[in-house]
Amino acid sequence: MASTGMQIFGFVLALLGIFGAMVATVLPNWKVSADVGSNIITAISQMQGLWMDCTWYSTGMFSCTLKYSVLSLPAYLQTARTTMVLCCVLAAMGRRSKRHAAIASGGCFVAAGFLCLVPASWFTNEVITNFLDSSVPESNKFEPGGAVYESLPCRTF
């Protein structure tokens with residue numbers, strides 16, 4: 001049996017992973033508008049997440065629009081939504097099963113970490129591919145946002 005200190009350390013890491021996965025799932029900044037080209041100073045900044053799109057104005061105001069229609073979303077966004085929710089559920093199940101079986105709990109956390117890694121990687125690939133595509137106008141170019149980087153530590157489950 002592992003020492004008490006190692007168990008507490010593992011539990012704290014698990015809680016941080018669960019919190020990181022949940023925060024990354026709901027944050028609206030999976031991709032943010034890129035400042036490229038001659039117009040570096042802009043009055044608005046656009047962010048897109050798994051659940052909503054937000055626009056920040058230079059006045060400090062912002063507005064967000066929820067993405068209601070699942071079928072109208074691209075496949076990578078539908079998959080990212082699904083796997084991030086499954087990641088959160090599996091991580092919560094892994095935390096609950098710690099009393100019963102440490103191996104089952106560890107398996108849940110590994111699976112949750114994998115489910116968190118897949119959408120972050122796929123989403124980042126789509127954003128970078130569109131950014132490097134010369135047929136996309138500069139005003140429609142985005143770069144990976146903070147939520148993608150937030151979801152990457154979820155691999156430490």
Side-chain angles (χ1 to χ4, degrees), residues 6-36 42 44-58 60-99 101-133 136 139-157:
M6 287 296 273
Q7 288 178 348
I8 291 172
F9 180 67
F11 183 72
V12 168
L13 280 181
L15 284 178
L16 288 174
I18 292 169
F19 180 71
M22 289 181 181
V23 167
T25 301
V26 298
L27 279 178
N29 61 343
W30 277 66
K31 64 180 180 179
V32 296
S33 56
D35 296 325
V36 294
T42 58
I44 62 171
S45 176
Q46 295 177 333
M47 296 182 207
Q48 295 180 358
L50 300 180
W51 307 99
M52 69 179 92
D53 297 337
C54 294
T55 303
W56 294 81
Y57 300 96
S58 61
M61 301 295 292
F62 68 93
S63 65
C64 294
T65 306
L66 292 174
K67 298 177 182 178
Y68 288 113
S69 176
V70 176
L71 298 177
S72 67
L73 298 174
Y76 75 94
L77 196 55
Q78 291 178 12
T79 305
R81 280 178 149 189
T82 305
T83 53
M84 286 303 290
V85 169
L86 284 174
C87 166
C88 294
V89 169
L90 265 177
M93 286 175 48
R95 187 171 155 251
R96 287 194 64 194
S97 67
K98 264 209 179 294
R99 296 181 203 153
I103 293 174
S105 175
C108 284
F109 283 124
V110 168
F114 180 73
L115 286 174
C116 194
L117 177 64
V118 168
S121 301
W122 192 1
F123 199 93
T124 303
N125 181 47
E126 289 290 328
V127 171
I128 292 173
T129 302
N130 287 339
F131 184 84
L132 297 175
D133 188 0
V136 175
S139 61
N140 291 346
K141 293 197 178 211
F142 289 87
E143 53 192 21
V148 173
Y149 300 113
E150 176 72 27
S151 66
L152 290 178
C154 298
R155 296 178 297 175
T156 60
F157 284 133

What is the minimum heavy-atom distance between [X] and [Y], and which atoms define it?
X	Y	result
G145	V32	CA-CG1, 4.2 Å
A80	P119	CA-CB, 3.4 Å
L90	A111	CD1-CB, 3.7 Å
M84	A21	CE-O, 3.8 Å
P144	I128	CG-CG1, 4.3 Å
A120	T124	O-OG1, 2.7 Å

Does any non-hydrogen side-chain atom of L15 lie less than 4.5 Å from one of F19?
no
Can you confirm whether M47 sits close enough to S33 that some side-chain heavy atom of one is under 4.5 Å from a side-chain heavy atom of the other?
no
What distance do [X] atom [atom1] and [Y] atom [atom2] have between them, rounded to the nearest 0.5 Å?
X	Y	atom1	atom2	result
N125	N130	CG	CG	9.5 Å
I18	C87	CD1	SG	9.0 Å
E126	F131	CD	CZ	15.5 Å
F62	I44	CZ	CD1	15.0 Å
Q48	T55	CD	OG1	9.0 Å
L66	M52	CG	CE	5.5 Å

Per the salt bridge (charged side-chain N to carboxylate O under 4.0 Å, His left out) rule, what does the pair list look like for residues 78-94, sequence neighbours excluded?
none
With sequence neighbours excluded, give me every salt bridge (charged side-chain N to carboxylate O under 4.0 Å, His left out) pair touching residues 6-22.
none
Listing request: all side chain to side chain donor-acceptor pair (under 3.5 Å) pairs with a residue in residues 65-78, at least two apart in sequence or in separate chains.
D53-K67, S69-S72
Any sub-3.5 Å donor-acceptor pair from W30's side-chain atoms to W51's backbone N or O?
no
Could you go step by step and tell me if L50 and F123 meet the side-chain contact (heavy atoms from CB on, under 4.5 Å) rule?
CA-CA 10 Å; L50 300 180; F123 199 93; 4.2 Å; yes
Results of side-chain contact (heavy atoms from CB on, under 4.5 Å) for V136 - residues two or more places apart only:
D133, N140, K141
Taking only residues two or more places apart in sequence or in another chain, which ones pass disulfide (SG to SG under 2.5 Å) with C54?
C64
